[in-house]
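Side-chain atoms are counted along with the backbone in the values below, which use heavy atoms only and exclude waters and symmetry mates. This chain uses plain numbering: 1 for the first residue, then up along the sequence.
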Amino acid sequence: MTGPNGARPYEGPGRRRFLGYVLAAPTLVAAARLAPAPAAGAAPAAPDLTELLDLNDVMTAAALPTSGLITVEIEADGTVSFALPRAEVGQGITTSTAMLVAEELAVPPERVRVTLAEARPELLFNQLTGASNTTIATYTPIRVAAAVARHRLLTAAAAELGAPVAHLTLRDGAVHDRSGAAVGIGALAPKAAATRSEPVEVRLTAREDFTVIGRPHNRIDARDAVTGRKKFAMDLDVPGAKPTMVCRPPTINGKPGAVANLAEVAAMPGVTDVVPIDTGVAVRAATFGQCIDAVRALRVDWLPGTAEGKSDETVLRELAAAEPPMGLPPLTPHVEGKFTFHFRSNSALEPNCAIADVRPDRAEVWSALKSPVVAKEAIAARLGLPLGRVTVHVVQGGGSFGRKLFFDAALEAVEVSRRIGKPVKLMWHRADDARQGRTHPMATSRVRADYAGGAVLGFRQRHTSVATDFGHGLGELFTAMAARLPVGDIGFSQTFFHLTQSMPYEFGPATRLLNETDKGFNTGSMRNVYSPDVVCARELVVDRLAAKMGKDPYGFRRDFLRDARSRAVLAKAAEAGDWGRRMPEGTAQGIAFHSEYKSVSAALVEIDCRPETVNRPIRDGVAGPRVTKAVFAVDVGLAVNPRGLEAQMMGCLMDGIAQTLTSSLHLRDGHFLEASWDNYFYTRQWNTPPELEIIVMPDTSDEPGGAGELGVAASMAAVACAYGRATGTMPTVFPINHGTLSFEPKPTVPPIPASPTDGLDQAR
């Protein structure tokens with residue numbers, strides 16, 4: 001039996017038929033109506049918690065009730081429109097979404113116009129971008145809505161062409177009959193529209209008949225991105241919105257007191273307004289250069305911040321005091337390690353920014369927001385306006401790493417616009433984001449594993465961290481408020497921790513405990529949240545276990561992994577990377593494994609720790625070891641766009657290298673020393689592997705697993721393991737170069753450095 005577009009019906013377990021809606025509209029508008037998925041089959045013996053329920057399961061289930069509000073619309077020109085209720089911040093979800101629609105409607109992905117939905121409070125729990133959930137949660141709803149549209153188009157075409165639906169084929173944006181007659185979907189759309197909403201039962205295209213899903217596809221926005229036509233928040237031309245920046249305190253979360261020269265700064269060239277706000281003193285001017293000059297000229301008496309007097313050393317003492325007990329050492333042989341992970345910046349490529357136009361009776365905001373609903377609700381509450389009088393536009397963002405989950409720039413822009421009564425285009429300076437922005441919290445992780453003979457008898461891990469801010473909740477006001485309560489924040493962090501941390505090895509009873517302390521820092525759920533630190537510590541101990549038990553690190557992992565799928569991805573990385581090959585002294589291979597959100601991954605890297613490499617001269621920076629080769633194997637179940645998946649894993653690998661070798665913030669006297677990317681050392685060209693291979697494994701599922709964050713943990717752990725084997729000493733402090741301060745810290749007053757004038761010299 002074939003479906004109406006000539007494809008066999010989708011026969012996934014429990015998913016043969018779906019009910020959708022055609023909505024009352026002048027043109028064809030279709031939506032999904034989904035029931036909760038049937039319960040999974042029997043779980044394996046003594047399963048890990050995340051095999052039964054993980055964070056993605058929770059987020060997907062929460063989004064399900066409002067999935068019917070996500071619609072596919074056929075336009076008169078034959079294009080297909082879809083407003084994606086997620087944020088595109090470079091991860092490629094607009095492309096993969098276009099592919100899902102294109103598969104069911106038999107149109108080229110380039111004819112699917114994917115925009116970002118404005119904040120829609122009715123999409124309860126369904127407009128949060130995070131935890132690699134976008135493709136998982138929207139995969140079926142989008143396809144069902146498109147399949148409903150396909151069904152209506154074929155029905156309308158049957159009447160138009162005078163042919164049975166069974167004799168029609170939908171391809172390349174037109175419906176064809178057997179005689180060769182055809183009619184475009186744009187012309188059919190008004191005829192396929194409904195005067196009242198009504199249910200429609202559809203079948204999805206069978207996996208074996210896919211022509212778009214699973215095929216490598218270039219980004220639909222690639223040309224716009226490389227030619228400068230792609231629009232980010234600061235590119236928007238909002239009438240009257242002038243550049244705005246904020247003079248910020250010298251210590252974390254300090255508050256402004258008296259301003260000694262407000263009138264003098266207000267009279268500077270180009271400056272239109274100077275006004276104190278909650279987080280500093282805002283300056284609005286004709287250009288951002290004039291804003292910088294004015295910010296640097298301000299003389300402000302600052303009140304203490306929330307991390308006054310604190311340093312790396314004092315925070316480490318706090319963490320040691322808060323560490324959960326490990327218990328008495330076992331009587332059997334065991335290995336143990338304690339690992340320190342320093343603060344890391346959540347600075348994305350695009351500076352934190354937002355545009356706001358606040359009037360007495362309304363407000364309009366433009367920003368790259370991954371939690372736009374709670375942003376809209378918070379802005380309405382701050383302004384005392386009805387929710388319907390606040391419009392929040394989600395703009396494509398230039399990177400996030402979790403940064404865009406927070407909407408502090410939008411709140412600042414709203415506050416400035418309200419106080420001066422004019423639109424503003426507010427942008428943070430790079431120094432602002434490094435010193436006052438979101439950071440990955442400092443943490444320690446203690447691991448103990450006991451063994452006897454050829455078995456691992458037990459595994460314990462105690463992870464202690466500066467508190468992670470989950471104040472965005474699940475993307476709406478209720479959970480956001482709960483996450484800020486004294487008990488609620490503990491509940492959120494524990495939930496995130498236990499629903500994201502898997503134990504992929506058969507290591508006997510395994511316990512992982514989290515304790516968080518110190519809420520004085522601006523933290524956030526940076527890419528992969530807890531996993532990079534937790535997995536890095538675990539995999540280093542796995543290497544030590546292998547050595548103690550006289551086994552090869554790869555063979556040890558292979559033997560203890562829980563399932564064949566995990567072993568396959570590890571074996572592929574080992575095979576492609578030529579695991580075990582002879583290497584010069586001071587160089588070595590490292591291998592690591594990580595699983596999350598129904599996906600599995602393995603990384604193999606080679607590192608060069610020889611003195612001539614570690615000590616090579618780098619201007620104003622630390623060279624350190626270099627990763628010379630990396631192989632990354634990934635199985636996400638069903639890869640919607642393998643080319644996009646490859647790009648994501650490349651980015652994850654660069655994150656992993658950075659967190660192991662170079663990327664950290666140095667805390668001293670209540671502030672971070674770093675003030676821009678010239679002294680915050682994310683992976684640079686000198687540490688990027690010349691040899692890099694990403695292997696996307698054959699599909700092992702009918703549905704996609706998580707991908708956006710998956711590769712960070714395995715990459716970080718593999719680099720750490722390689723470093724330990726190359727040097728003969730297991731690393732315990734990350735990044736390993738944190739102890740070397742290679743730059744002269746810039747002053748905190750004024751809070752941002754002067755604009756450079758030697759750009760051409762620095763480019764040589």
Original post:
Any sub-3.5 Å donor-acceptor pair from Thr340's side-chain atoms to Lys338's backbone N or O?
Top reply: no
Original post:
Is the backbone N or O of Ala467 less than 3.5 Å from a side-chain atom of Glu516, with the two atoms forming a donor-acceptor pair by type?
Top reply: no
**OP:** Compare all side-chain heavy atoms of Glu350 with those of Arg403 and state whether any distance is below 4.5 angstrom.
**Re:** no
**OP:** Would you mind listing every side-chain hydrogen bond (donor to acceptor under 3.5 Å, both in side chains) that reaches into residues 255-269, with sequence neighbours excluded?
**Re:** Lys255-Asp278
Original post:
Is a side-chain donor or acceptor of Thr727 paired with a backbone partner of Tyr723 at a separation under 3.5 angstrom?
Top reply: yes
**OP:** Run the salt-bridge test on Glu415 and Arg419 with the 4.0 Å N-O cut-off and return the result as yes or no.
**Re:** yes
**OP:** Just grab all the salt bridge (Lys or Arg N to Asp or Glu O under 4.0 Å) pairs involving residues 660-685, residues at least two apart or on different chains.
**Re:** Asp678-Lys746
Under 3.5 Å, side-chain donor or acceptor atoms of residues 373-383 against the rest of the protein: list the pairs with distances, not counting sequence neighbours.
{"unit_1": "Lys376", "atom_1": "NZ", "unit_2": "Val390", "atom_2": "O", "d": "3.1"}
{"unit_1": "Glu377", "atom_1": "OE1", "unit_2": "Leu477", "atom_2": "N", "d": "2.6"}

**OP:** Look at Asp608 together with Arg616 and state whether they make a salt bridge at an N to O cut-off of under 4.0 Å.
**Re:** no
**OP:** Would you check if Pro689 and Met654 make a side-chain contact, meaning some heavy-atom pair closer than 4.5 Å?
**Re:** yes
Subject >> Check: Glu709 main-chain N/O paired with Ser132 side-chain donor or acceptor under 3.5 Å >> reply: yes
Subject >> Exam field: side chain Arg527 to backbone Ser400, donor-acceptor pair closer than 3.5 Å >> reply: no
**OP:** For Ser417 and Lys422, indicate whether the former's side chain and the latter's backbone hold a donor-acceptor pair under 3.5 Å.
**Re:** yes
Subject >> Value rounded to 0.5 Å, distance of CG in Asp655 from CG in Asn528 >> reply: 9.0 Å
Original post:
Does Ser367 reach the main-chain N or O of Leu369 with its side chain, forming a donor-acceptor pair under 3.5 Å?
Top reply: no
Original post:
Mind checking whether Phe343 and Phe672 have parallel, tilted or perpendicular rings, split at 30° and 60°?
Top reply: perpendicular
Original post:
Any side-chain heavy-atom pair from Pro423 and Arg359 closer than 4.5 angstrom?
Top reply: yes
Subject >> Euclidean distance, Arg86 CZ relative to Leu116 CG, rounded to 0.5 Å >> reply: 11.5 Å
Original post:
Has the side chain of Arg626 got a donor or acceptor atom that lies under 3.5 Å from a matching backbone atom of Thr688?
Top reply: yes
Original post:
Rounded to the nearest 0.5 Å, how far apart are OG1 of Thr279 and CG of Asp408?
Top reply: 8.5 Å
**OP:** Tell me, with the steps shown, if Val395 and Ile355 meet side chain to side chain contact (heavy atoms under 4.5 Å, CB included).
**Re:** CA-CA 10 Å; Val395 184; Ile355 300 174; over 6 Å; no
Original post:
Mind checking what makes ring-ring contact (aromatic ring centres under 6.0 Å, His included) contact with Phe339, not counting sequence neighbours?
Top reply: none
Original post:
Just how far is it from atom NZ of Lys310 to atom CG of Asp518, taken to the nearest 0.5 Å?
Top reply: 3.0 Å
Original post:
Should Arg284 and Thr244 count as side-chain neighbours, where that means a heavy-atom distance under 4.5 Å?
Top reply: yes
**OP:** Please step through side chain to side chain contact (heavy atoms under 4.5 Å, CB included) for the pair Cys721 and Leu540, ending with a clear verdict.
**Re:** CA-CA 6 Å; Cys721 290; Leu540 283 166; 4.0 Å; yes
Original post:
If you look at every heavy atom in Leu653 and Ala630, which pair is closest and at what distance?
Top reply: CD2-CB, 3.5 Å
Original post:
Should the ring pair His738 and His342 be called parallel, tilted or perpendicular, given that the plane angle runs from 0 to 90° and is split at 30 and 60?
Top reply: parallel
**OP:** Side-chain contact test, heavy atoms from C-beta onward, threshold under 4.5 Å: evaluate it for Phe341 versus Pro532 and give yes or no.
**Re:** no
Original post:
Looking at side-chain heavy atoms only, is the closest gap between Leu667 and Ile252 below 4.5 Å?
Top reply: yes
Subject >> Worked check of side chain to side chain donor-acceptor pair (under 3.5 Å) between Thr464 and Glu323 >> reply: CA-CA 6 Å; Thr464 312; Glu323 184 178 298; 4.7 Å; no
Original post:
Could you go step by step and tell me if Gln659 and Ser715 meet the side chain to side chain contact (heavy atoms under 4.5 Å, CB included) rule?
Top reply: CA-CA 10 Å; Gln659 294 196 47; Ser715 298; over 6 Å; no
Original post:
CG/Asp469 to CZ/Phe406 distance, rounded to the nearest 0.5 angstrom?
Top reply: 4.0 Å
**OP:** Applying side chain to side chain donor-acceptor pair (under 3.5 Å), run through Ser445 and His463 and close with a yes or a no.
**Re:** CA-CA 4 Å; Ser445 211; His463 194 71; 3.0 Å; yes
Subject >> Check: Thr662 side chain, Phe681 main-chain N or O, donor-acceptor pair, under 3.5 Å >> reply: yes
**OP:** Determine, step by step, whether Leu514 and Gln494 satisfy the side chain to side chain contact (heavy atoms under 4.5 Å, CB included) criterion, reporting the C-alpha distance in whole Å, the side-chain angles of both residues, the deciding distance to 0.1 Å, and the verdict.
**Re:** CA-CA 7 Å; Leu514 169 72; Gln494 293 292 341; 4.0 Å; yes
Original post:
Should the pair His666 and Phe743 be assigned to parallel (<30°), tilted (30 to 60°) or perpendicular (>60°) ring geometry?
Top reply: perpendicular
Original post:
What residue pairs, at least two apart or across chains, pass side-chain hydrogen bond (donor to acceptor under 3.5 Å, both in side chains) with a residue in residues 294-306?
Top reply: Asn253-Thr306
Original post:
So, are Asp273 and Lys242 salt-bridged, with charged N and O less than 4.0 Å apart?
Top reply: no
Original post:
Going by the ring pair (Phe, Tyr, Trp, His ring centres under 6.0 Å) test, which pairs reach into residues 236-293, not counting sequence neighbours?
Top reply: none
Subject >> Plane angle bin for His393 and Trp366 - parallel if under 30°, tilted between 30 and 60°, otherwise perpendicular >> reply: parallel
Original post:
Are any non-hydrogen side-chain atoms of Asp432 and Ile752 less than 4.5 angstrom apart?
Top reply: yes
Original post:
When you check the gap from the basic side-chain N to the acidic O, do Glu88 and Lys230 get nearer than 4.0 Å?
Top reply: no
**OP:** Verify side chain to side chain donor-acceptor pair (under 3.5 Å) between Glu412 and Trp428, making sure each step is shown before the conclusion.
**Re:** CA-CA 10 Å; Glu412 283 184 336; Trp428 287 36; 3.0 Å; yes
Original post:
Judged by atom type as modelled, is there a donor-acceptor pair below 3.5 Å linking the side chain of Asp224 to the main-chain atoms of Arg229?
Top reply: no
**OP:** To the nearest 0.5 angstrom, please state how far the OG1 atom of Thr468 sits from the OH atom of Tyr530.
**Re:** 4.0 Å
